[in-house]
Amino acid sequence: MANQFDVAVIGGGPGGYVAAIRAAQLGFKTVCIDAGKNKAGDAPALGGTCLNVGCIPSKALLQSSEHFHTIQHELSEHGISAGKPTIDVAKMIERKDGIVNKLTSGIAFLFKKNKVESIHGVAAFAGQDNGKWLLNINGEQTISATHVIVATGSIPRPLPNVEVDNKTVLDNVGALNQTAIPKKLCLIGSGVIGLEMGSVWNRLGSEVTVLEALPNFMPMADSQLATEAFKVFTKEQGLNILLGVKIDAVKNNGKNVEVTFTTDGNSQTQTFDKLIVAIGRIPNTDGLNTEVIGLAKNERGFIEVDDECRTNLPNIWAIGDVVRGPMLAHKASEEGVAVAERIAGQKPHVNLDVIPSVVYTTPEMAWVGKTEEQLKSAGIEYRKGQSTFAANGRALGLGQAKGFVKMLVDDKTDRILGVHMIGPMVSELISEAVVAMEFSASGEDIARIIHAHPTLSEVIHEAALASDKRALHG
Ligand code: FAD
Ligand code: NAI
């Protein structure tokens, strides 16, 4: 029957759409139900948070603002003067929207190509019939499927008593769609969104204040990297990042917003043109009717899954931001592929210990594996090799010679346990470390591999040599 499927995927983000394509490739009759809409809200748009209001649009704006900053501050040392640049912010947003549209419509094309049936709407569990799961779509249409993959993603964590109107008080959606440069911008939360969005508007000329609750900066990162990043963002780039802040009140006046906060026991109120709230994200199970079938969630609202993304119910799987683990697009996609292959009887494996993290600021930051702090608290003996971009010919040629690569290796076995980078294009360089760690490489393996000259990757090579106290250029 037309409304019976082998696999139904709920959610068309990087977890769901990839799971659907892989399931169809494996020969399953597959449907993907997604509620996402385009920016205007008048047409379906696949791709979830990542493509519509996350990874892709943020990187487009980071690039535009980086160009603007480069022309203003970095060309003169090359002997180039281009006058005072101007920026048409609406045009910048239009370019970003074009990239988003291209990629979201690309998924619709991929669905057709792979014979994934695509349904636009909100899916809700409606029970079971003859061993098949029933799903209602928009409360009207009912479909049945042998397997269901839940990939409903995440939504911004709300700040109590603060209403996001996406005009003056913004979440990620509003932050990515401003058509004028706010003179004074406040960000609550110095996490990944805070740093990336703060960088965009700082480069375009906003006076940026970041209010962070925790007393230490970027606690998820290696502390040496976090210390270096804090210095660059505050001292060199002028971001005003305040740590250990308690937000007392937020008053949206329409034209501006007053934020009252306490630091070091002192309360103050500042007025900003815009406020971005980025204090993390929470799993999204709204409207799914998980209670109807008894789908288990943990106390934080994440759907409970085992290492293989199995839920407590037979043939219901969950992947991506709606389950444990880092909220990253590449993690969601890999889980999607793995679940489709498990349904087909294969034995894939997603290694949650080797997932790269990247922050697309300037300098970029990237890491994989354990931090020094984690190794110390686990009592693992390690050696550290570090090399900087300061003496790297390619980095100097690029005019981006700040930062370092740090490699942590097991003291006895020499196995690479973690790699932490801050510097130019480390978003790309981190892949070498990921591949090495997936192949259980040692520091010596990297030290003996030929790295092209002059390239940024030579800094990884040097870090590996340094971990054996035989750096050639350090
Ligand atoms: P989502 O992408 O959230 O997709 C879920 C989809 O399910 C949505 O389309 C939603 O409409 C749909 N849905 C929900 N409920 C239902 C329902 N009941 N019925 C039908 N459809 C439903 N990650 C990175 O790896 N790199 C980055 O650079 C990066 N940048 C980011 C920047 C920002 C500003 C933000 C907010 C996030 C960023 N992320 C980044 C995180 C990344 O976007 C998420 O990890 C990723 O989108 C999670 O994928 P997902 O498939 O689990 O969920
Ligand atoms: P985050 O978890 O990265 O950071 C949130 C920050 O807000 C934390 O530092 C936290 O201590 C702080 N905070 C929490 N409550 C607060 C309060 N009441 N007052 C002040 N500060 C408070 O979350 P963020 O930045 O919202 O991003 C959400 C997720 O999206 C990230 O965890 C990441 O997984 C993903 N993302 C990934 C990107 C990438 O890979 N480059 C880019 C942007 C987002």
Side-chain angles (χ1 to χ4, degrees), residues 8-19 32-37 44-59 61-62 104 107 119-125 135-138 149-160 162 171-173 175-176 187-198 210-220 242-247 261 276-290 318-323 325-333 335-336 355-361 364-366 427:
V9 182
I10 308 178
Y17 87 76
V18 168
C32 180
I33 310 119
D34 183 64
K37 287 193 180 151
L46 292 162
T49 304
C50 175
L51 269 65
N52 290 285
V53 288
C55 329
I56 299 303
S58 57
K59 269 78 248 177
L61 298 188
L62 278 156
T104 54
I107 298 175
I119 299 180
H120 176 70
V122 177
F125 285 104
L135 296 173
N136 285 342
I137 296 159
N138 293 332
I149 305 176
V150 181
T152 46
S154 63
I155 51 174
R157 177 192 304 284
L159 186 62
V162 176
D171 59 16
N172 58 302
V173 177
L176 292 162
L187 288 119
I188 300 183
S190 70
V192 203
I193 295 181
L195 294 175
E196 290 188 354
M197 287 296 102
V210 184
L211 304 177
E212 166 61 46
L214 292 177
N216 46 344
F217 181 64
M218 286 179 57
M220 69 293 196
L242 304 179
L243 303 173
V245 174
K246 183 175 164 294
I247 306 294
F261 57 95
I276 300 173
V277 181
I279 57 166
R281 295 177 66 84
I282 54 174
N284 174 25
T285 51
D286 286 354
L288 259 187
N289 268 351
T290 51
I319 59 171
D321 280 11
V322 79
V323 304
M327 288 184 166
L328 295 172
H330 39 287
K331 176 262 191 185
S333 297
E335 285 181 336
I355 296 178
S357 293
V358 177
V359 188
Y360 296 80
T361 44
E364 292 182 341
M365 296 177 271
S427 55

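Being a predicted model, the structure only gives us computed values, none of them experimental. Counting convention: from 1, in listed order, for ligands and their atoms alike. Residue numbers count from 1 along this sequence. Every heavy atom of this structure was used, including side-chain atoms; hydrogens, water molecules and symmetry mates were not.
- By the 4.5 Å heavy-atom criterion applied to side chains, Ile188 and Phe261 are not counted as neighbours.
- The two residues Ile137 and Ile33 have their closest heavy-atom pair at CD1-CG1, 4.0 Å.
- At a heavy-atom distance under 4.0 Å, only side-chain atoms of Ile10, from C-beta outward, approach ligand 1.
- Closest to atom 46 (C) of ligand 1 among all protein heavy atoms lies Pro14 CG, 3.7 Å.
- Among the atoms of Met327, some N or O lies under 3.5 angstrom from an N or O of ligand 1.
- Interface atoms of ligand 2 facing Gly189, defined by a heavy-atom separation under 4.0 Å, are 6 (C), 7 (O), 12 (C), 21 (N).
- Each of the atoms 28 (C), 29 (C), 30 (O) of ligand 2 lies under 4.0 Å from some heavy atom of Arg281.
- Of all the heavy atoms of Glu196, the ones lying under 4.0 Å from any atom of ligand 2 belong exclusively to the side chain.
- Of all atoms in ligand 2, listed by their number and element, those nearer than 4.0 Å to a heavy atom of Tyr360 are 41 (N).
- When only non-hydrogen protein atoms are considered, atom 1 (P) of ligand 2 lies nearest to Gly191 CA, 4.0 Å.
- Evaluated by nearest non-hydrogen atom to atom 43 (O) of ligand 1, the leading choice among Cys50, Ala19, Cys32 is Cys50.
- Looking at Leu328 next to ligand 1, an N or O pair under 3.5 Å apart turns up.
- Under 4.0 Å from ligand 2, the heavy atoms of Ile188 that appear belong solely to its side chain.
- Taking only nitrogen or oxygen atoms, main chain and side chain alike, Gly320 does not reach within less than 3.5 Å of ligand 1.
- Considering backbone and side-chain N/O of Ile247, none are found under 3.5 Å from N/O of ligand 2.
- Looking at Gly280 next to ligand 2, an N or O pair under 3.5 Å apart turns up.
- Residue Ala35 touches ligand 1 through backbone and side chain together, judged by heavy-atom distances below 4.0 Å.
- At a heavy-atom distance under 4.0 Å, only side-chain atoms of Ile193, from C-beta outward, approach ligand 1.
- Protein heavy atom nearest atom 9 (O) of ligand 1, with residue, atom name and distance: Asp34 OD1, 2.7 Å.
- Taking atom 11 (O) of ligand 2 as the reference point, the nearest protein heavy-atom neighbour is Glu212 OE2, 2.6 Å.
- Distance from atom 51 (O) of ligand 1 to its nearest protein heavy atom, with residue and atom name: Gly15 N, 2.8 Å.
- Under a 3.5 Å cut-off, the side chain of Asp171 and the backbone N or O of Val277 do not form any donor-acceptor pair.
- Taking a cut-off of under 4.0 Å to the non-hydrogen atoms of Val53, the atoms of ligand 1 that pass are 34 (C), 36 (C).
- Close approach to Gly48 involves these atoms of ligand 1, each under 4.0 Å from a residue heavy atom: 2 (O), 4 (O), 8 (C), 9 (O).
- Here atom 28 (O) of ligand 1 lies nearest to Lys59 when heavy atoms of Glu196, Lys59, His120, Glu335 are compared.
- Nearest residue to atom 36 (N) of ligand 2 from Val162, Val192, Leu242 is Val192 (criterion: closest heavy atom).
- Of all atoms in ligand 2, listed by their number and element, those nearer than 4.0 Å to a heavy atom of Leu211 are 20 (C), 21 (N).
- With ligand atoms numbered from 1 in the order given, ligand 2 contributes 11 (O) to contacts under 4.0 Å with heavy atoms of Leu214.
- Of the listed options Val359, Ile279, Val277, Leu243, Ile279 places a heavy atom closest to atom 16 (C) of ligand 2.
- Comparing Val358, Thr152, Leu62 by heavy-atom distance to atom 15 (N) of ligand 1, the nearest is Thr152.
- At least one N or O atom of Thr49 sits closer than 3.5 Å to an N or O atom of ligand 1.
- Of all protein heavy atoms, the one lying nearest to atom 52 (O) of ligand 1 is Asp321 N, 3.0 Å.
- Short contacts between ligand 2 and Val358, defined as distances under 4.0 Å to a heavy atom of the residue, involve ligand atoms 39 (C), 40 (O), 41 (N).
- Within ligand 1, counting atoms from 1 as listed, the ones closer than 4.0 Å to a heavy atom of Asn284 are 14 (C), 15 (N).
- Protein heavy atom closest to atom 7 (O) of ligand 1, with residue, atom name and distance, is Gly11 CA, 3.2 Å.
- Under 4.0 angstrom from ligand 2, there are no non-hydrogen atoms of Val245.
- At a heavy-atom distance under 4.0 Å, no atom of Asn172 approaches ligand 2.
- Taking a distance limit of 4.0 Å, we find that atom 4 (O) of ligand 2 is approached by some protein heavy atom.
- Proximity of Leu46 to ligand 1, defined as any heavy-atom pair under 4.0 Å, is not found for any part of the residue.
- By the 3.5 Å distance cut-off applied to N or O atoms, Leu328 is not counted among the residues near ligand 2.
- Taking only nitrogen or oxygen atoms, main chain and side chain alike, Ile193 reaches within less than 3.5 Å of ligand 2.
- Using a 4.0 angstrom heavy-atom cutoff, Arg281 counts as in contact with ligand 1.
- Each of the following atoms of ligand 1 lies closer than 4.0 Å to a heavy atom of Ala151: 5 (C), 6 (C), 7 (O).
- Residue Ala329 places at least one N or O, backbone or side chain, under 3.5 Å from an N or O of ligand 1.
- Short contacts between ligand 2 and Met327, defined as distances under 4.0 Å to a heavy atom of the residue, involve ligand atoms 33 (C), 34 (O), 35 (C).
- Each of the atoms 20 (C), 21 (N) of ligand 1 lies under 4.0 Å from some heavy atom of Ile33.
- Contact annotation: Tyr17 has no heavy atom less than 4.0 Å from any atom of ligand 1.
- Protein heavy atom closest to atom 39 (N) of ligand 1, with residue, atom name and distance, is Cys55 SG, 3.7 Å.
- Here the CG-CD1 distance, from Asp34 to Ile119, works out to 11.5 Å after rounding to the nearest 0.5 Å.
- Contact annotation: Ile155 has no heavy atom less than 4.0 Å from any atom of ligand 1.
- Applying the 4.0 Å criterion to heavy atoms of Gly36 picks out, from ligand 1, the atoms 11 (O).
- Within the 4.0 Å heavy-atom shell around ligand 1 one does not find Lys331.
- At a 4.0 Å heavy-atom cut-off, ligand 1 touches Asn172 through the side chain alone.
- Gly121 counts as a contact of ligand 1, since one of its heavy atoms falls under 4.0 Å from the ligand.
- Per-residue contacts place Leu159 under 4.0 angstrom from the following atoms of ligand 2 (heavy atoms of the residue considered): 18 (N).
- Between Tyr360 and Lys59 the shortest heavy-atom distance is CD1-CE, 3.4 Å.
- Contacts between Ser154 and ligand 1, counted as non-hydrogen atom pairs separated by less than 4.0 Å, involve the backbone only.
- Atom 18 (N) of ligand 1 has as its closest protein heavy atom Ala123 O, 3.0 Å.
- Atom numbering of ligand 1 starts at 1 in the shown order; those under 4.0 Å from a heavy atom of Gly153 are 1 (P), 3 (O), 5 (C), 52 (O), 53 (O).
- Of the candidates Pro356, Gly12, Gly54, the one placing a heavy atom closest to atom 33 (C) of ligand 1 is Gly54.
- Here the side chains of Ile155 and Ile282 are in contact, with some heavy-atom distance below 4.5 Å.
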